[in-house]
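It should be emphasised that the depicted structure is a prediction, and the values quoted were computed from it without experimental measurement. Throughout, numbering of the chain's residues begins at 1 and tracks the sequence.
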Amino acid sequence: MTLWNGSYPFYPGANACFPFDTTRAVIVTIFLSMLATSIIILPGIRGRGRLFWFLRLVLGLFMGAVILTVQFTRDWETGWVQANTSYKSFSPVQVNADIGLHIGLAGVNITLRGNPVKQINETINYNEHFPWNFGADYDHSYSEGLEKGLPSPILYVAEKFTMQSPCAVHRQYRIAGHYVSLTLW
């Protein structure tokens with residue numbers, strides 16, 4: 001047994017995936033604490049107004065939580081497909097994988113997970129985010145993905161959202177995302 005469990009203290013290790021979405025957990029925690037605080041105040045309100053005040057409060061908090069959840073998560077549109085696809089460019093080797101697409105107001109998240117995860121002597125488990133919010137350049141993040149050597153299925157799906165793609169979904173989703181985000185704020 002080593003001092004640091006086999007890892008060296010001065011070199012960055014592999015990024016571990018957190019088991020749940022922290023953004024959603026923070027939003028839920030904040031709104032539940034606001035609801036608990038308001039329930040403490042509830043006995044101070046007299047008569048039938050107490051029920052109507054409580055219903056307005058719960059409805060307002062629920063709407064606020066939904067708006068913030070839509071604003072800060074990547075679940076505007078989602079989709080999954082199971083496919084037999086080539087894993088690397090110019091390679092005839094096919095892998096069985098789940099390909100996921102999560103489109104949010106600020107970008108697209110593409111997931112590639114092998115069935116099983118260990119295939120062709122590699123672990124196939126990728127999750128890549130390509131932002132298109134204000135100040136972010138989608139084409140630059142796509143070219144960084146090309147330079148990193150991401151697997152072909154991720155690059156194929158990400159290519160559909162570039163500015164040069166004949167599908168033109170980048171412009172539609174980006175403009176819609178900007179206007180929806182502006183409206184929600």
Problem - Check: Ser152/Ser86 side-chain N/O donor and acceptor closer than 3.5 Å - result: no
Practice task
Provide the full list of salt bridge (Lys or Arg N to Asp or Glu O under 4.0 Å) pairs with a residue in residues 80-107, sequence neighbours left out, each pair given once.
Solution key: Lys88-Glu122
Handout entry: same_hphob_cluster(Leu59, Leu35) at 4.5 Å side-chain heavy-atom cutoff
Key = no
Handout entry: Side chain Arg113, main chain Asn125, donor-acceptor under 3.5 Å
Key = no
Practice task
Could you state whether Val169 and Met163 fall into the same hydrophobic cluster, counting links through intermediate Ile, Leu, Val, Met, Phe, Trp or Tyr residues with side-chain heavy atoms under 4.5 angstrom apart?
Solution key: no
Handout entry: Full working for side-chain hydrogen bond (donor to acceptor under 3.5 Å, both in side chains) between Glu77 and Tyr173
Key = CA-CA 10 Å; Glu77 282 194 53; Tyr173 278 110; 3.0 Å; yes
Handout entry: Atom NE2 of His140: over 12 foreign heavy atoms under 6.0 Å
Key = no
Practice task
Flag yes if Phe52 and Phe62 sit in one hydrophobic cluster, no otherwise; membership is Ile, Leu, Val, Met, Phe, Trp, Tyr, and two members link when side-chain heavy atoms are under 4.5 Å apart.
Solution key: no
Problem - Where Leu68 and Phe31 come nearest, the two heavy atoms and their spacing - result: CD1-CE1, 3.7 Å
Problem - Main-chain N/O of Asn96 paired with Gln119 side-chain donor or acceptor, under 3.5 Å - result: yes
Problem - Any donor-acceptor N/O pair, Ser165 side chain to Phe161 backbone, under 3.5 Å - result: no
Exercise for the section: Sort out for me which residue in Thr78, Ile103, Asn127, Leu101 forms a side-chain contact (heavy atoms from CB on, under 4.5 Å) with Asn109. Expected result: Asn127
Practice task
Using a 4.5 Å cut-off on heavy atoms from C-beta on, say whether the side chain of Gln82 contacts that of Asn115.
Solution key: yes
Handout entry: Under 3.5 Å: donor-acceptor pair, side chain of Tyr138, backbone of Ala158
Key = yes
